[in-house]
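None of the values given here were measured: they were computed from a predicted structure.
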Amino acid sequence: GRRGVTTPSAVPAAHRRACRSAPRRRFASPATPPGGGVGVPPEAAPGWARGEAPGDVGRGPQPSVTTLRKKSRKFSDRNKKPNPVEALSDDAWAGLARSCAERVAVAFETAALENGGSIERRSADHIIIDFGEGRGALQVSVNASCRTVDVVSPVSGGLQYALDAADNWLHINDGHDIRGILVRDWLRSGCVGLPDVV
């Protein structure tokens with residue numbers, strides 16, 4: 001044949017027969033199950049076959065993302081400060097809620113009368129403030145099942161307020177203070193005077 005090129009005819013026949021009869025060597029590949037292949041012990045298998053990520057050779061299987069998230073969540077829960085409002089008994093919470101409703105009634109009582117309205121205390125848990133002259137009425141009620149003070153305003157409609165750690169009653173969605181919305185709706189209804197809600 002050509003110079004420098006080995007052709008089948010240039011290889012001795014005995015050598016070709018020996019190559020064909022020799023057993024083929026098996027190598028581990030991505031399709032090989034953990035263990036590295038037939039006759040390969042697990043500790044001799046490549047890292048990917050033992051669940052190791054690149055760069056983790058010899059460190060063993062690494063935790064999954066789900067496991068890491070669970071550990072992070074447990075750490076966060078362990079370091080979260082307790083909410084003092086959640087620790088209140090039902091009776092203690094109800095007392096604070098009724099106190100809020102009564103403060104609203106006292107603040108609006110004089111102003112409502114001056115505007116031709118009235119105050120009706122149906123119970124310690126339900127107060128109605130009539131703005132007078134057909135302007136509508138404001139209702140304040142204690143909702144023990146939800147632990148909220150519920151307000152029905154002729155301007156803003158139904159609203160719910162929850163107690164925070166600083167003893168403020170804040171809207172459950174946007175966090176505005178109950179005192180500001182009551183005075184605003186009073187003025188927007190056309191009433192005269194400024195109730196002092198504390």
Student: State plainly whether one hydrophobic cluster holds both Leu138 and Ile119, where clusters connect Ile, Leu, Val, Met, Phe, Trp and Tyr through side-chain heavy atoms under 4.5 angstrom apart.
Tutor: yes

Student: Output every pair passing side chain to side chain donor-acceptor pair (under 3.5 Å) with a member in residues 188-198, not counting sequence neighbours, ordered by first then second residue.
Tutor: none

Student: Quick one: salt bridge (charged side-chain N to carboxylate O under 4.0 Å, His left out) partners of Glu114, sequence neighbours excluded?
Tutor: none

Student: If you compare all heavy atoms of Ala107 against all heavy atoms of Pro195, which two are closest, and at what distance to 0.1 Å?
Tutor: O-CB, 3.6 Å

Student: Rounded at 0.5 Å granularity, tell me how far CD1 in Ile128 sits from CZ in Arg121.
Tutor: 12.0 Å

Student: Check side-chain contact (heavy atoms from CB on, under 4.5 Å) between Ala166 and all other residues, then give those that pass, not counting sequence neighbours.
Tutor: Asp164, Asn168

Student: Can you list everything that forms a side-chain contact (heavy atoms from CB on, under 4.5 Å) with Leu194? Sequence neighbours excluded, please.
Tutor: Val183, Leu187

Student: Once you round to the nearest 0.5 Å, how far does OH of Tyr161 lie from CG of Asp177?
Tutor: 8.5 Å

Student: What residue pairs, at least two apart or across chains, pass salt bridge (charged side-chain N to carboxylate O under 4.0 Å, His left out) with a residue in residues 137-146?
Tutor: none

Student: For Asp90, give me all partners under salt bridge (charged side-chain N to carboxylate O under 4.0 Å, His left out), at least two apart in sequence or on another chain.
Tutor: Arg147

Student: Could you walk me through whether Asn143 and Ser141 satisfy the side chain to side chain donor-acceptor pair (under 3.5 Å) test, starting with their C-alpha distance in whole Å, then the side-chain angles of each, then the deciding distance to 0.1 Å, before giving a yes or no?
Tutor: CA-CA 6 Å; Asn143 188 340; Ser141 57; over 6 Å; no

Student: Identify, with sequence neighbours excluded, every residue that meets side-chain contact (heavy atoms from CB on, under 4.5 Å) alongside Ser156.
Tutor: Ser153, Leu159, Ile181, Arg184, Asp185

Student: Output all residues satisfying side-chain contact (heavy atoms from CB on, under 4.5 Å) with Ala92, sequence neighbours left out; order by chain, then residue number.
Tutor: Leu88, Ser89

Student: Kindly indicate whether the side chain of Val104, heavy atoms from C-beta on, has any atom under 4.5 Å from the side chain of Leu182.
Tutor: yes

Student: Taking the side chain as every heavy atom from C-beta outward, state whether Arg98 and Asp125 have any atom pair closer than 4.5 Å.
Tutor: yes

Student: Counting C-beta onward and ignoring hydrogens, is there a side-chain heavy-atom pair between Arg135 and Pro154 closer than 4.5 Å?
Tutor: no

Student: Which pairs count as ring pair (Phe, Tyr, Trp, His ring centres under 6.0 Å) when at least one residue sits in residues 126-150, sequence neighbours excluded?
Tutor: Phe131-Trp186

Student: When hydrophobic residues are tied together by side-chain contacts of less than 4.5 Å, even through go-betweens, does Trp93 share a cluster with Ile127?
Tutor: yes

Student: Who are the side-chain hydrogen bond (donor to acceptor under 3.5 Å, both in side chains) partners of Asp167, not counting sequence neighbours?
Tutor: none

Student: Side-chain heavy atoms nearer than 4.5 Å, only ILVMFWY residues, links allowed to pass through others: does that put Val85 and Leu96 together?
Tutor: yes

Student: Listed by chain and number, what are the side-chain hydrogen bond (donor to acceptor under 3.5 Å, both in side chains) partners of Ser123, not counting sequence neighbours?
Tutor: none

Student: The criterion is side-chain hydrogen bond (donor to acceptor under 3.5 Å, both in side chains); which residues satisfy it with Asp130, sequence neighbours excluded?
Tutor: none

Student: Output the distance between atom CG (Leu170) and atom CD1 (Ile178), rounded to the nearest 0.5 Å.
Tutor: 9.5 Å

